[in-house]
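Taking it in order: structure first as structure tokens, then the write-up.
Whatever order the structure lists them in is the order used to number ligands and atoms, beginning at 1.
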Amino acid sequence: MKKIALVGCTGNIGKQTAEVVRANRESFSFSALVCGKDRAGLSALAEEFRPRLALCAAEAEKADLFSDCDVALIAAGGFAGLSYTLRAIRAGKKVALANKESLVCGGELVMREAEKYGAEIVPVDSEHSALFQALSCRRDTPFSRLVLTASGGPFLHKTAEELKHVTAADALRHPTWSMGAKITVDSATLLNKGYEVIEAKWLYGADFSQISAVVHPESIVHSLVYFADGAAIAQLGYPDMRLPIQFALTYPERLPCCPQLDLERIGALHFERLPAEKFPCFTLALAAGKEGGTAPAVLNGAGEEAVRAFLAGGISFPQIAETIEDALSRIPRGEADSYETLVRADKLARETAKQRLYGV
Ligand code: MG
């Protein structure tokens, strides 16, 4: 029986984690459940799963969340997830990581602390789980390239002119995956794919020159690893997050989870070049990742504010990238040597973005 501390229990990944646990009650239980603000959702889960702790984020700050768990599944959204990731690492736990910002903003710190405290980080994101599986769950397996697949989001074939007029409702209609609002918009701007390149760098010790992304509209091939001899190993499956969530909890073992692929029904699979020139968020994320230090935290802080404004109908789709670019052009960067430094960079980025977005 594995005890799971789940942070972000009422979000999209949290709910699917609950489904996985519900389907495998003899293998998993929850030791702690933490939500953002959805108290009603938290109560319902607490009633069903009876964890030792069930808390909202505001109450979770000083609580002992991780001491009695086997795995900490961090599915909180945004920069706020980083503090939980660091706490779980410092408790020496296996961390199933679904929060992207932890590695995007704090990759250097997170990997250093994980090494220091002997905490293992296992990816939950479908692409990184696919890479992990293709590497036979061994991060020291030598590879030559990592190729992330991207559905391309709902706007892949729109022209630059059309992109000026798309709305939040358009952006929320993702073709293959059902996800939370922030990440669905990040998929439409391809900021999300830029984030996944940065995460791959930290998770697999890859150089940026070894990581690329390719558009694969069917979302059946979840990513590929290329090896020195020309072999490529991929993981395939229907787009269903329950599989990577469950695998992060059980690996190297596998339990029944999702329906098996019906290849004859699926038919053709397609791949095409990712049109980075139409999606500046992707290029901005890569540049910030390559620069390192506090640059990705600035990018992310400004991005979180810009997406909030876009979802509220306050700015156009291209203005998301413009807000991020503006913050990056105005905020000086430094080393990302501590959590406090990252918090300062995040705060400054938000203030700068809000100044531009709302004039406050
Ligand atoms: Mg992904």
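- Applying the side-chain contact (heavy atoms from CB on, under 4.5 Å) criterion to I315, with sequence neighbours excluded, gives A306, A309, F310, Q319, I320, T323, L357.
- Of all N/O/S atoms in E127, OE1 sits nearest the Mg ion (ligand 1).
- Taking every heavy atom of both residues into account, A88 and V95 meet most closely at CB-CG2, 3.9 Å.
- Among pairs with a residue in residues 252-274, those fulfilling salt bridge (Lys or Arg N to Asp or Glu O under 4.0 Å) read R273-E277, at least two apart in sequence or across chains.
- N300 and K100 share no donor-acceptor pair across their side chains, judged by distance under 3.5 Å alone.
- Looking only at N/O/S atoms, E196 comes nearest to the Mg ion (ligand 1) through OE2.
- Taking the Mg ion (ligand 1) as reference, the nearest N/O/S atom within D125 carries the name OD1.
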